[in-house]
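Residue numbers count from 1 along this sequence.
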Amino acid sequence: MKEEEVILVDQDNNQIGTMPKMEAHEKAVLHRAFSVFVMNDKGETMLQQRASHKYHSPQLWTNTCCSHQRVGESNIQAGKRRLQEEMGFVTELKELFSFIYKAPFDNGLTEHELDHVMMGSYIGEPQINPDEVADWKWMKPADIKKDIAENPDTYTAWFKIIFEKFYDHIGQNATEDESKG
């Protein structure tokens, strides 16, 4: 089976080529990625614990799902594909924002991604794929923020970066929504 390729991009998200995923992470080359946050009707976020055999960040907690778009695939299509593959459900997704981050790992690999952050809602239990996910839970964003501060080593490097931006985004939009009402 051919290794999955990532889409290499410039700072403006223009595609400039493709590269095998592992090589891109070894060379810390900027590539397109996405992160999905799923929330329930109680305002809680679904977190997943990565499977123990993952080649980086095993057993760490992270957002509902994340991965890399395939050539010709929209951000929304990619997010729905990985939600189904990892968590066993699909829901409508909305793009929130995108930004570039770099997160080196202890094993010499580096995530250098132009990350497209999306959000969806779901009520129910996922049917997790044990090849991808060890466990899952619902947590309120304020509790996640507090737990990251108290137990940073239990979360993925990228989640700590992305969650700050997500937390600020939902906080600002809640304030804007309240002022409109």
Go through the structure and list residues passing salt bridge (charged side-chain N to carboxylate O under 4.0 Å, His left out) with [X], not counting sequence neighbours.
X: Glu26; result: none
X: Glu86; result: Arg82
X: Lys27; result: Glu23

Closest approach of [X] to [Y] (non-hydrogen atoms, all atoms of both residues):
X: Gly120; Y: Thr91; value: CA-CG2, 4.2 Å
X: Met118; Y: Gly79; value: CE-CA, 4.0 Å
X: Ala103; Y: Ile161; value: CB-CD1, 4.1 Å
X: Gln15; Y: Thr18; value: NE2-CG2, 4.1 Å
X: Pro58; Y: Ser52; value: CB-O, 3.3 Å
X: Arg50; Y: Ala134; value: O-CB, 3.7 Å

Tell me whether Glu92 at atom CD has more than 12 heavy atoms from other residues, nucleotides or ligands lying less than 6.0 Å away. no
NZ/Lys80 to CD/Glu85 distance, rounded to the nearest 0.5 angstrom? 14.5 Å
SG (Cys66) and CG (Leu83) are apart, to the nearest 0.5 Å, by 10.5 Å
With Lys165 via side-chain contact (heavy atoms from CB on, under 4.5 Å) - residues at least two apart: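 In terms of side-chain contact (heavy atoms from CB on, under 4.5 Å), with neighbours along the sequence ignored, Lys165 is linked to Phe97, Phe99.
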Got a sec, which residues hit side-chain contact (heavy atoms from CB on, under 4.5 Å) with Ala142, two or more places apart in sequence or on another chain? Tyr167
Using a strict 4.0 Å threshold on nitrogen-to-oxygen distance, state whether Glu150 and Lys146 make a salt bridge.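 Salt bridge flag = yes for Lys146 with Glu150.
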Hydrophobic cluster membership, with links at side-chain heavy-atom distances under 4.5 Å among I/L/V/M/F/W/Y: are [X] and [Y] in one?
X: Phe166; Y: Met46; value: no
X: Phe34; Y: Val133; value: yes
X: Ile76; Y: Leu96; value: no
X: Ile162; Y: Met139; value: yes

Val9: which other cluster members, linking ILVMFWY side chains closer than 4.5 Å, directly or transitively?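 Direct or chained contacts put Val9 with Ile7, Leu30, Val71, Ile100, Leu114.
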Which residues, ordered by chain and number, are linked to Met19 in its hydrophobic cluster, where ILVMFWY side chains connect at heavy-atom gaps below 4.5 Å, directly or through other members?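 Cluster partners of Met19: Val6, Leu8, Ile16, Val29.
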With distance as the sole test, does [X] use its side chain to make a donor-acceptor pair with the main-chain N or O of [Y] at under 3.5 Å?
X: Asn151; Y: Thr154; answer: no
X: Gln49; Y: Leu60; answer: no
X: Thr110; Y: His25; answer: no

Can you run down the ring pair (Phe, Tyr, Trp, His ring centres under 6.0 Å) pairs that involve residues 112-135, sequence neighbours left out, and say none if there aren't any? Phe89-Tyr122
Taking the side chain as every heavy atom from C-beta outward, state whether [X] and [Y] have any pair of such atoms under 4.5 Å apart.
X: Glu95; Y: Met119; result: no
X: Phe163; Y: Ile148; result: yes
X: Leu47; Y: Trp136; result: no
X: Pro152; Y: Lys160; result: yes
X: Met87; Y: Ile128; result: yes

Salt bridge (Lys or Arg N to Asp or Glu O under 4.0 Å) pairs, two or more places apart, involving [range]:
range: residues 108-125; answer: none
range: residues 53-76; answer: Glu4-Arg70, Lys54-Glu132, Glu73-Arg81
range: residues 11-21; answer: none

Tell me whether the rings of Tyr155 and Phe159 are parallel (<30°), tilted (30 to 60°) or perpendicular (>60°).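 Rings of Tyr155 and Phe159: parallel, under 30°.
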Pairs under 3.5 angstrom only: tabulate donor-acceptor contacts from the side chains of residues 37-45 to other protein residues two or more places apart or in another chain.
| from | atom 1 | to | atom 2 | distance (Å) |
| --- | --- | --- | --- | --- |
| Asn40 | OD1 | Lys42 | N | 2.9 |
| Asn40 | OD1 | Gly43 | N | 3.2 |
| Asn40 | OD1 | Glu44 | N | 3.0 |
| Asn40 | ND2 | Glu44 | OE1 | 2.7 |

If you measure only the distance, is there a donor-acceptor pair under 3.5 Å linking the side chains of Thr62 and Trp158? yes
State whether a side-chain donor-acceptor pair under 3.5 Å links Asn75 with Gln69.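 Checked: Asn75/Gln69 side chains pair up, N/O donor to acceptor below 3.5 Å.
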